[in-house]
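Notes follow once the structure below has been shown.
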Protein chains: 2
Amino acid sequence: MTGRNDRRGARATADLVAREANVSRVAVSRAFNPNASLKPEKRDRILQIARDLNYTPDVAARSLVTRRSHLVGMIVPDVCSPWESQEIDALTTALQAEGFATLLFKAKADFSMDQTLLTYMRGFNPDSVIAFTENVDADVLTGFLDRAVPIYVIYDDGTEFGDKSSSLYDRLLVRQRDGIEQAVALLQGFGAQRVAYLGGKRQSLANRERERMITQILVERGMQPPTVIDGDYTYDTAYRATLDLFRVEDGADAIFAANDVGAFGAIDALRHDLGLSVPNDVKVIGFDDIPQSHWKAYNLTTVRIDLEDRVRALVRLILRRLRNPEDGPLTETLGTRLVVRGTVG
Amino acid sequence: MTGRNDRRGARATADLVAREANVSRVAVSRAFNPNASLKPEKRDRILQIARDLNYTPDVAARSLVTRRSHLVGMIVPDVCSPWESQEIDALTTALQAEGFATLLFKAKADFSMDQTLLTYMRGFNPDSVIAFTENVDADVLTGFLDRAVPIYVIYDDGTEFGDKSSSLYDRLLVRQRDGIEQAVALLQGFGAQRVAYLGGKRQSLANRERERMITQILVERGMQPPTVIDGDYTYDTAYRATLDLFRVEDGADAIFAANDVGAFGAIDALRHDLGLSVPNDVKVIGFDDIPQSHWKAYNLTTVRIDLEDRVRALVRLILRRLRNPEDGPLTETLGTRLVVRGTVG
DNA sequence: ATGCTCATTGCACACGTTTTCATTTTGATG
DNA sequence: CATCAAAATGAAAACGTGTGCAATGAGCAT
């Protein structure tokens, strides 16, 4: 009555298109599948009529028989984190180009992932799953998903990850040693003596690996191991932790933060509350190289994990796995390097 | 061979559970539907066996018959924008609690949404669609989705939105007049004379409405209409635009930015490049109140749109629409208010 | 004309659910 | 014990698609 489209909620089906085009329903199906054999002119006519009728194959029905949902599940603890939102954005764009849609799930804030969420996600039958939360056991996740193979991000040798040979998962290996080595060398070059490590979440594997690697490299170069303060990757916690650090003892002359946002918190605490100069009094280095790091207020020197490379590697993993479901564990490798800006000297 | 689960890719089905429990498949279906009539002890037994077999109803198969996909589509131009990522995060959390999953799509960077993307999304049959991109015609979108009803965010009276009475959509009405009035009053109170409006994207409806409203209120209060500079909601553009503003003419003594991130760019340009003091030389006010606005480096005075309220309103719209698909247009209203921090005086 | 290959076509079934609808069981009431 | 309403149950029919299989037709060499 109101518009041109009276029967709202009535979706055009392949049957309708078939009737309209005087062909069988199978022909319509084939028209939308490029490798199916169908007379070209017939295909064109069908596609034209389909367009007129606003028809698109129903993904749910299709996935029921093809066993491909064209969904990629992403489990994220905090979408607001600049690093994660960057990755979601780039991944979604890249996957969209390959015909996959992003299915977003929010994990608990404490980086954990409960059974309920997994069960819930499983029902949607994602073709692949990327967990931004690290501390979910590989055995659990792999056993849980039936056709999808999860992807894990492993840092350096990943000794902490343990041997999960019983379950199948693919790996993105991040070699952060290079970047950290450059960072420590720079700090040492500018005469830093007492460096503090402003950590991320204790449960975070990346965080523990960073701490371990930094300690190792400092010692190798004949420097003191770092003072370690725990954080949770947020600005506020880093801010307070920095105040604490400079209250009790005489502090540090360099701060290595587990992520860029934490470095921002440290810088603001030093400058606006402790009256110290960055980099003259205290040098600061971050991790990630998020877009905000080049903002003039911070202009942060940081260890860069290249987003484009990272996303490309992840997409490659997903596509390879989907093409050859029976393959053994796949691995992609990624490097890191220092980006020098204004917070060291 | 390798693990306990030999037949990977073989998902447990309702039939299997039924056989295992010596009941019909229908009983299994009912066991997972709380309002279906089923003997309690029987239901418990079925659910127990289902858990043992790691069974969950297949969402695709279910949605095929119930005509509910339990998917909410979100079309986002830039996931990295703090404001949008906040909203995605909160919406996903809230919807997840209601049993819906977030289906994320990336629109073109220029705020446009092409037919291809719409067609693509349509195939997934989302139960509802939230467009963070405003300049897609309501007629197009409504006509395109078959069962979902889109939600539009309208600012104040939304005169620019035009009369789309022919198509059905729901409205979230944001009354930004209050917040802007408080902001202008504050600026006037601190003696501002020449205020500039540092705009967002030209295509953005919110941006045009903000400019219109600010101009109107300034004039009502006997002040000069603002100098208007276009931007695109990003830090970098706002930074350069501010430099330009103070190069040609003698600038402004107050800047009203279309969003917080833009305000950050303006502040950094003033302080780090032009050697001006905020708030002594120039006062700055933003829009949104994102988490970064209370960071010490900025400590921004801004017009707040409450995220919690906004998300609650959106979820209410979605649920009401899903419960009563045949209702006329639904509307929710939202206020704004000024949050006073350190960038005015 | 005959045989052969190969592309094209359509029938019927499968995918895993929910939902009528008719039937059986239960439990309460007279 | 008989009666009746209500609750519990299962058979069968959808939902919209892809695919194996057999049938058809065209093209070409013999």
Side-chain angles (χ1 to χ4, degrees), chain A residues 7 9-47 50 53-71 99 119-120 122-127 146-147, chain B residues 7 9-47 50 53-71 99 122-127 146-147:
Chain A
R7 288 180 313 125
R11 203 187 143 97
T13 158
D15 261 317
L16 179 61
V17 178
R19 228 163 339 178
E20 212 74 18
N22 274 325
V23 294
S24 84
R25 193 182 50 74
V26 191
V28 178
S29 168
R30 288 201 238 266
F32 280 88
N33 195 330
N35 348 0
S37 119
L38 190 66
K39 218 147 132 189
E41 57 203 36
K42 197 175 202 172
R43 158 167 294 142
D44 290 346
R45 190 162 51 94
I46 293 179
L47 287 180
L53 262 53
N54 212 356
Y55 167 79
T56 302
D58 185 299
V59 177
R62 169 190 298 204
S63 83
L64 202 56
V65 43
T66 57
R67 318 192 78 80
R68 284 248 181 289
S69 62
H70 291 266
L71 294 173
T119 312
Y120 180 45
R122 218 176 70 96
F124 285 95
N125 261 321
D127 286 341
D146 7 45
R147 26 199 220 233
Chain B
R7 289 181 312 124
R11 205 186 142 97
T13 157
D15 260 318
L16 178 61
V17 178
R19 228 163 336 166
E20 212 74 18
N22 274 326
V23 294
S24 82
R25 197 197 42 240
V26 190
V28 178
S29 169
R30 287 201 242 265
F32 280 87
N33 195 330
N35 348 0
S37 115
L38 189 67
K39 217 148 133 191
E41 56 202 38
K42 197 175 203 169
R43 159 168 293 147
D44 290 345
R45 190 161 53 92
I46 293 179
L47 288 180
L53 263 53
N54 211 358
Y55 167 79
T56 302
D58 185 300
V59 177
R62 168 190 299 200
S63 84
L64 201 55
V65 44
T66 57
R67 315 192 79 81
R68 285 247 182 290
S69 62
H70 291 267
L71 294 173
R122 218 176 70 95
F124 286 93
N125 262 321
D127 286 341
D146 5 45
R147 26 199 220 233

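Naming convention: chains lettered A, B, ... in sequence-line order (proteins, then strands); numbering from 1 in each chain.
Every residue meeting the salt bridge (Lys or Arg N to Asp or Glu O under 4.0 Å) condition with B:D15, not counting sequence neighbours, appears here in chain and number order: B:R25. Checked against side chain to side chain contact (heavy atoms under 4.5 Å, CB included), B:S29 has no partners two or more places apart in sequence or in another chain. Partners of A:R30 by salt bridge (Lys or Arg N to Asp or Glu O under 4.0 Å), not counting sequence neighbours: none found. By the side chain to side chain contact (heavy atoms under 4.5 Å, CB included) test, B:D44 pairs with no residue at all, sequence neighbours left out. B:K42 is linked by a side chain to side chain contact (heavy atoms under 4.5 Å, CB included) to B:V23, B:L38, B:K39, B:R45, B:I46, counting only residues two or more places apart in sequence or in another chain. Every residue meeting the side-chain hydrogen bond (donor to acceptor under 3.5 Å, both in side chains) condition with B:T56, not counting sequence neighbours, appears here in chain and number order: A:R122. Legend: residues meeting ring-ring contact (aromatic ring centres under 6.0 Å, His included) with A:Y120, ordered by chain and number and at least two apart, are A:F105, A:F124. Not counting sequence neighbours, the partners of B:N125 by the side-chain hydrogen bond (donor to acceptor under 3.5 Å, both in side chains) test are A:R11, A:D58.
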Could you pull out every donor-acceptor pair under 3.5 Å between side chains of residues 59-66 of chain B and any protein atom, sequence neighbours left out?
from, atom 1, to, atom 2, distance (Å)
B:S63, OG, B:A60, O, 3.1
B:T66, OG1, B:R62, O, 2.9
B:T66, OG1, B:R68, N, 3.4

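Recorded end-axis angle for the helix from C:dA1-D:dT30 to C:dG30-D:dC1 stands at 40°, based on five pairs per end and rounded to 10 degrees.
No side-chain heavy atom of A:F32 sits under 4.5 Å from any side-chain heavy atom of A:P34.
Note that the first and last nucleotides of DNA chain C, 5' to 3', having any atom under 4.0 angstrom from a heavy atom of chain A are C:dT8 to C:dG16.
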*Could you run down nucleotides 8-24 of chain D 5' to 3' and tag each one B, S or - for protein heavy-atom contact under 4.0 Å?*
BBBBBB-BBBBB-----

